[in-house]
Amino acid sequence: MDRQYDVIVVGGGHAGCEAALAAARMGCETLLFNINLDSIALMSCNPAIGGLAKSQLVKEVDALGGQMGRIADRTAVHFRLLNASKGPAVQSTRFQCDKQLYRLAMKSVVEKEPRLHLRQGLVEQLLCEDGRIRGVVDQTGVAFLAKAVVITTGTFLDGLIHIGDRRWPAGRAGEIASLSLSVSLKELGFEMGRMKTGTPPRLRAATIDFSRLTRQDSDPDPQPFSFATDRLRDDRLPSFFTATTAETHRVIRENIRFSPLYGGAIKGIGARYCPSLEDKVMRFADRESHPVVLEQEGLDTEEIYAKGLGNSLPPELQEQIVHSVPGLEQAEIMRLAYAIEYDFVQPTQLRPTLETKRIAGLYLAGQINGTSGYEEAAAQGLWAGINAALAVQGRPPFHLDRSQAYMGVMVDDLVTRGVDEPYRMFTSRAEYRLILREDNALFRLMGQGRELGLIAEAPYARLKEQLRRIEGGIKRLTSSRIFPVAETNDTLARLGSAPIRNPVTLFSLLKRGELRYDDLKPFPGWEAIADGTVKRQIEIEAKYDGYIQRQQAAVEKMRELEGMKIPKGFDYSEVPGLSNELKMKLKRVEPVTVGQAERITGMTQAALTAILIVIKKRAWEAAGRQG
């Protein structure tokens with residue numbers, strides 16, 4: 001019963017859906033495996049898309065032709081722009097979605113995609129021959145052959161749920177774990193580790209006293225994630241805020257021995273930036289309370305996601321904790337909070353394409369690479385799916401560097417530095433975040449999406465027209481000068497702006513924080529612009545001109561190092577002065593360029609110089625032999 005495909009994707013979560021859709025849309029016959037087809041794209045934790053640094057990933061996925069942003073737009077019920085009062089480099093969109101609508105909408109898309117085949121089943125073994133992937137075997141013993149395989153197993157790889165002193169194998173609550181596949185990866189020689197995450201309780205809305213909580217409504221005029229979205233849903237659901245109390249903290253401190261996290265039962269590494277409630281109480285003993293956010297999981301459900309109450313304590317203690325929070329005194333728990341451990345593969349074993357170094361044609365994406373978050377998973381899934389399809393088609397690999405996308409930052413961090421805790425995207429990880437904003441993702445990446453065949457011609461043509469208008473608008477403002485005459489300064493005074501003493505261009509004038517594009521209307525050289533996106537891009541380019549120029553200069557220096565290739569199989573033992581630890585890291589990572597080598601943890605300038613000297617020496621010797 002052997003079946004032949006171009007690409008097989010194992011796991012139908014956020015990474016798996018993007019990988020499978022990308023491969024199929026690029027012309028590959030693709031098979032998507034999921035243990036339960038009804039749980040495709042299920043939001044295991046908070047049903048929200050976006051957030052700080054994460055919205056940039058969603059926008060980039062969308063710009064390249066991915067699906068996450070479109071589904072979020074179709075199913076969102078609460079809309080926020082985070083950091084709205086700050087600069088555009090750190091502004092981030094966050095949508096709370098209807099959990100079931102999101103799942104069903106994505107399931108419908110993958111089911112209807114030509115060349116994409118779905119199969120409910122548990123993959124137990126990887127078929128390899130001569131260091132290359134050949135396919136997979138499911139739990140019924142049927143082999144499915146493929147030229148490339150993408151594994152996106154999320155928390156299912158040898159997953160183990162903890163509640164108090166009880167633990168059982170599961171990929172998430174109510175679903176079986178993937179045990180044999182983990183064994184298969186270990187038998188193939190992959191270095192693997194153990195990580196831990198968790199989820200808070202779900203509460204019944206009818207049992208919550210919302211009158212005691214602080215209500216937060218959606219932003220009045222939200223902007224969609226996707227360029228393909230014409231209109232967002234009219235349905236809106238509020239969020240509510242409360243906080244833990246001294247009683248909450250007393251219950252936890254007096255019963256901390258019952259937490260598997262503190263009792264030693266949990267071996268996996270959790271994220272420092274997203275600790276469980278018992279961890280927060282114990283680590284931050286001086287804090288009198290911690291925030292709790294109640295978010296509705298959908299339009300037609302009573303389930304409330306209690307963000308901030310995540311823990312792994314026994315059921316009776318979870319009841320006490322919930323009831324100690326204002327407004328939740330009578331709240332009924334519909335789903336208990338729990339912690340889950342799972343296996344991951346150390347991502348330094350991957351190439352920048354997310355293909356494994358050990359097995360050609362095998363790609364990994366999502367939490368199996370030590371990351372956390374829907375958005376991080378989707379971005380990796382798209383990246384791996386694109387590269388799997390390109391490899392099958394004999395085309396050059398897809399890659400974005402750290403100056404081109406947050407996706408490029410994430411993948412480079414993973415394959416170069418590896419992980420010692422669940423990896424989450426932060427704006428601080430991106431050195432060039434001023435030029436990697438969510439508002440310019442389309443302008444940065446849609447061209448590449450078009451080249452890959454994932455973006456249609458019509459939206460790309462519209463984007464090129466917008467780019468032409470932006471460039472034209474900047475050129476017009478740069479060439480239009482105003483002079484320090486009384487009329488000009490009177491106009492500036494009315495606009496609340498300081499007078500000018502020397503001639504200036506309108507572009508220079510627009511750099512002033514208090515002025516917007518349309519404020520320049522009284523001055524010669526201004527032209528009306530109806531397209532709000534074009535107008536906003538011109539404003540941002542003006543106000544951040546100096547900073548952007550400095551970052552572009554830094555990018556050029558970075559690209560010089562990225563252009564210096566390290567010969568394949570380069571022997572670092574020949575480099576004098578390198579520590580054994582650094583030699584070991586270099587051998588494990590196998591950096592492709594000097595720039596990548598520079599970013600390896602522990603690399604020094606002296607060590608980098610020594611590597612460069614040996615590379616140049618070998619090149620001279622080779623040139624001499626050829627001469």
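Quantities reported herein were computed from a predicted structural model and do not represent experimental measurements.
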Donor-acceptor under 3.5 Å ([X] side chain, [Y] main chain):
X      : Y      : result
Asp73  : Arg70  : no
Arg417 : Thr601 : no
Ser579 : Leu582 : yes

Practice task
Would you confirm whether the ring centroid of Phe225 sits within less than 6.0 angstrom of the ring centroid of Phe95?
Solution key: yes
Handout entry: Close side-chain approach of Leu414 and Thr371, heavy atoms under 4.5 Å
Key =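 Yes. Closest side-chain heavy atoms under 4.5 Å.
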Handout entry: pair Ile470-Phe443: side-chain heavy atoms closer than 4.5 Å
Key =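 With C-beta onward as the side chain, the pair touches.
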Near [X] [atom1], under 6.0 Å, is it more than 12 heavy atoms from other residues, nucleotides or ligands?
X      : atom1 : result
Glu457 : CD    : yes
Lys617 : NZ    : no
Arg395 : CZ    : yes

Exercise for the section: Among Arg3, His117, Gln4, find the residue that satisfies the side chain to side chain donor-acceptor pair (under 3.5 Å) test when tested with Glu29. Expected result: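 Exactly one option meets the side chain to side chain donor-acceptor pair (under 3.5 Å) with Glu29, and it is His117.
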Exercise for the section: Could you go through the salt bridge (Lys or Arg N to Asp or Glu O under 4.0 Å) check for Lys568 and Glu590 one step at a time? Expected result: CA-CA 8 Å; Lys568 193 171 183 179; Glu590 297 177 14; over 6 Å; no
Practice task
Name all residues meeting the side-chain contact (heavy atoms from CB on, under 4.5 Å) criterion together with Pro275; count only those two or more places apart in sequence or in a different chain, and write none if there are none.
Solution key: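 By the side-chain contact (heavy atoms from CB on, under 4.5 Å) rule, Pro275 matches Asp279, Lys280, Arg283.
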Polar side chain donor-acceptor pair, [X] to [Y], under 3.5 angstrom:
X      : Y      : result
Ser55  : Arg94  : no
Thr155 : Gln367 : no
Thr356 : Gln349 : no
Ser44  : Arg172 : yes
Gln596 : Arg402 : no
Ser184 : Glu124 : no
Asn387 : Glu355 : no
Ser92  : Glu438 : no
Gln380 : Asn369 : yes

Exercise for the section: Determine the minimum heavy-atom distance between Pro88 and Arg536, stating which atoms define it. Expected result: CB-NH2, 3.7 Å
Completion exercise
Taken in chain and number order and not counting sequence neighbours, the residues that satisfy ring-ring contact (aromatic ring centres under 6.0 Å, His included) with Phe426 are Tyr273
Exercise for the section: Report yes or no: is the cationic atom of Arg429 (NZ for Lys, CZ for Arg) closer than 6.0 Å to the six-membered ring centre of Tyr423, at no more than 45° off its axis? Expected result: yes
Exercise for the section: Scan residues 54-73 for pairs that pass ring pair (Phe, Tyr, Trp, His ring centres under 6.0 Å), counting only residues two or more places apart or in two chains. Expected result: none
Exercise for the section: Report the relative orientation of the aromatic rings in Tyr572 and Phe570; use parallel for angles under 30°, tilted for 30 to 60°, perpendicular for over 60°. Expected result: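 Ring orientation of Tyr572 relative to Phe570: perpendicular.
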